[in-house]
Amino acid sequence: MPSSSSSVESPHPGESVTETVAPADVSGVEIVLDQVTKRYPGQEDPAVNRVSMTIPAGETVVLVGPSGCGKTTTMRMINRLIEPSSGTITIDGRDVLRENPDRLRRTIGYSIQQAGLFPHLTVAKNVATVPGLIGWDRKRIADRVDEMLDLVGLDPGTFRNRYPRQLSGGQQQRVGVARALAADPPVLLMDEPFGAVDPITRGLLQDELLRLQAELRKTIVFVTHDFNEAVKLGDRIAVLGNQSRILQYDTPAAVLTDPADDTVAGFVGGDAGLKRLTLTRVRDVPREECAVAPESTAVEAFRQAIVDSGREWGLVQDEQGRPLRWVWLTQLAHADSLRTVGTPVGGMVSLESTLQEALESLLAESNAHAVVTGRRGEYVGLITIDTLVTHLSDKRDTHARGETGGDDGR
Ligand code: ADP
Ligand code: MG
């Protein structure tokens with residue numbers, strides 16, 4: 001039975017607990033699960049059976065496996081929303097079962113599907129929840145709320161005073177992440193946080209998380225049933241079978257190249273070669289260029305720029321440099337303004353996107369080029385099918401020569 005914290009470590013009323021929150025410059029801490037089991041009352045088999053794993057400080061570890069395999073149960077034992085039946089869990093060497101559960105949870109960010117926001121509180125109040133609980137003063141909280149909203153890409157002035165129902169699903173998820181990060185916890189638990197949003201928004205939120213994590217280096221435990229998401233986000237992935245049995249725990253590259261058994265291979269799927277595109281980011285491959293111009297540009301000037309570029313088409317942007325439409329030379333023959341010609345650019349990818357996402361994006365474009373945008377949505381180049389083919393054949397050559405390492409895209 002887990003020991004209760006109430007006898008030895010009951011918190012003293014009025015005591016400041018601010019010191020339990022790690023200071024801003026501390027990155028993540030190690031989490032160790034040792035023989036952790038959860039048996040729900042009235043069930044014959046344990047939902048989680050003797051799971052042992054070490055989650056290194058500052059890494060993102062993704063638990064991936066089919067629905068019902070015990071991912072959520074495993075994750076929620078780390079912050080004691082579910083009490084383990086046996087086994088031990090330590091965070092930074094401290095036994096979570098000896099901590100006060102409420103205090104423990106203030107040091108662990110938690111983000112779930114549908115964001116789990118309080119519907120009757122404003123965005124600012126939602127984000128301020130944990131800082132308020134641990135006794136920060138109003139000024140510090142207000143500053144932190146704005147800083148966090150900014151961090152997750154929401155303009156504080158616009159969103160601070162809105163209610164969750166006034167936000168899109170993707171915006172709600174961003175607020176959920178801002179709230180989880182608000183007290184700067186060393187550990188972040190994320191349970192299918194992007195499961196309820198559309199695929200494009202999902203890709204953007206994943207990109208944001210990667211960018212955030214590159215700065216923050218928290219310890220993140222991320223749960224998903226989507227293998228591509230696991231490969232994209234994880235420094236390591238734990239592929240789980242029934243009762244959270246660990247089928248393989250390794251880097252995404254190793255899982256894709258060398259699945260531990262048939263079950264994992266089945267999960268990877270038949271297109272492991274193509275899935276290798278998931279291991280590399282757009283930022284890591286050469287980008288191509290085309291003629292680009294703001295809508296206000298004269299038609300003749302743009303026509304000449306396209307001709308000079310050696311292509312049949314170029315890209316029209318808004319005044320902030322964000323891509324709007326593809327324009328073909330043939331379309332310019334009859335045009336008197338760039339504002340009224342062209343075909344809208346479909347899906348775009350960011351520097352954080354995977355080559356797999358770039359492939360999907362370019363297949364949807366009539367000129368088979370994917371537009372790459374920077375942090376503010378501005379044009380930064382193009383990805384072509386040739387880039388992807390070259391990348392895949394380079395990888396094949398590398399593996400044919402038996403070389404390893406350096407290919408997991410980070
Ligand atoms: P996952 O997150 O991988 O979908 P869960 O951890 O939610 O899996 O569930 C693992 C198993 O435990 C499932 O068989 C589920 O039905 C069971 N389970 C989950 N929560 C409870 C509960 N509160 N009471 C009883 N059984 C539960
Ligand atoms: Mg679950």
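Computed over heavy atoms, backbone and side chain alike; hydrogens, waters and symmetry mates excluded. All values reported here derive from a predicted model rather than from experimental measurement.
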Polar side chain donor-acceptor pair, Arg322 to Gln320, under 3.5 angstrom: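 Yes, because at least one side-chain N or O of Arg322 sits under 3.5 Å from a partner of the opposite role on Gln320.
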Polar side chain donor-acceptor pair, Thr387 to Thr390, under 3.5 angstrom: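 No donor-acceptor contact under 3.5 Å links the two side chains.
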Those residues that, when tested against [X], pass side-chain contact (heavy atoms from CB on, under 4.5 Å) (two or more places apart):
| X | value |
| --- | --- |
| Glu378 | Arg376, Val380 |
| Arg76 | Thr72, Asn79, Leu81, Ile82, Tyr110 |
| Thr373 | Pro323, Met348, Val371 |
| Ala254 | Asp250, Thr251 |

Strictly distance-based, threshold 3.5 Å: is any side-chain N or O of [X] a donor or acceptor partner for the main-chain N or O of [Y]?
| X | Y | result |
| --- | --- | --- |
| Ser353 | Ser350 | yes |
| Thr297 | Ala293 | no |
| Glu30 | Asp92 | no |
| Arg39 | Pro84 | no |
| Ser361 | Ala358 | no |
| Gln331 | Val341 | no |

Any pair counted as salt bridge (charged side-chain N to carboxylate O under 4.0 Å, His left out), so long as it reaches [range], sequence neighbours left out:
| range | answer |
| --- | --- |
| residues 187-211 | Arg174-Glu208, Arg202-Asp226, Arg202-Glu229, Asp207-Lys232, Glu208-Arg211, Arg211-Glu215 |
| residues 324-337 | Glu295-Arg325 |
| residues 147-161 | Arg144-Glu147, Asp146-Arg160 |

Which pairs would a plain distance check flag for residues 40-59, meaning a side-chain donor or acceptor within less than 3.5 Å of a matching protein atom at least two apart in sequence or in another chain?
| residue | atom | partner | partner atom | Å |
| --- | --- | --- | --- | --- |
| Tyr40 | OH | Thr73 | OG1 | 2.9 |
| Ser52 | OG | Gln35 | N | 2.8 |
| Glu59 | OE1 | Arg236 | NE | 2.7 |

Minimum heavy-atom distance between Val130 and Arg106, given as atom pair plus value: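 For Val130 versus Arg106, the nearest heavy atoms are CG1-O, 3.8 Å.
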Inter- and intrachain pairs under ring-ring contact (aromatic ring centres under 6.0 Å, His included), touching residues 160-212, at least two apart: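 ring-ring contact (aromatic ring centres under 6.0 Å, His included) check on residues 160-212 returns Phe194-Phe222.
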Pair listing, ring-ring contact (aromatic ring centres under 6.0 Å, His included) test, anchored in residues 342-380, at least two apart: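 Checked against ring-ring contact (aromatic ring centres under 6.0 Å, His included) - neighbours excluded - the pairs reaching residues 342-380 are Trp313-His369.
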Leu279 vs Thr354 side-chain heavy atoms within contact, under 4.5 Å: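 SC-SC contact between Leu279 and Thr354 ruled out.
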Ring pair (Phe, Tyr, Trp, His ring centres under 6.0 Å) involving Phe159 - partner list, sequence neighbours excluded: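 For Phe159 there are no ring pair (Phe, Tyr, Trp, His ring centres under 6.0 Å) partners, ignoring immediate neighbours.
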Which residues share a side chain to side chain donor-acceptor pair (under 3.5 Å) with Thr74, sequence neighbours left out: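 Partners of Thr74 by the side chain to side chain donor-acceptor pair (under 3.5 Å) criterion, ordered by chain and then number, come out as Ser244.
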Test side-chain hydrogen bond (donor to acceptor under 3.5 Å, both in side chains) applied to Glu352 and Arg283, Arg375, Gln206, the passing residue: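 The single option meeting the side-chain hydrogen bond (donor to acceptor under 3.5 Å, both in side chains) with Glu352 is Arg283.
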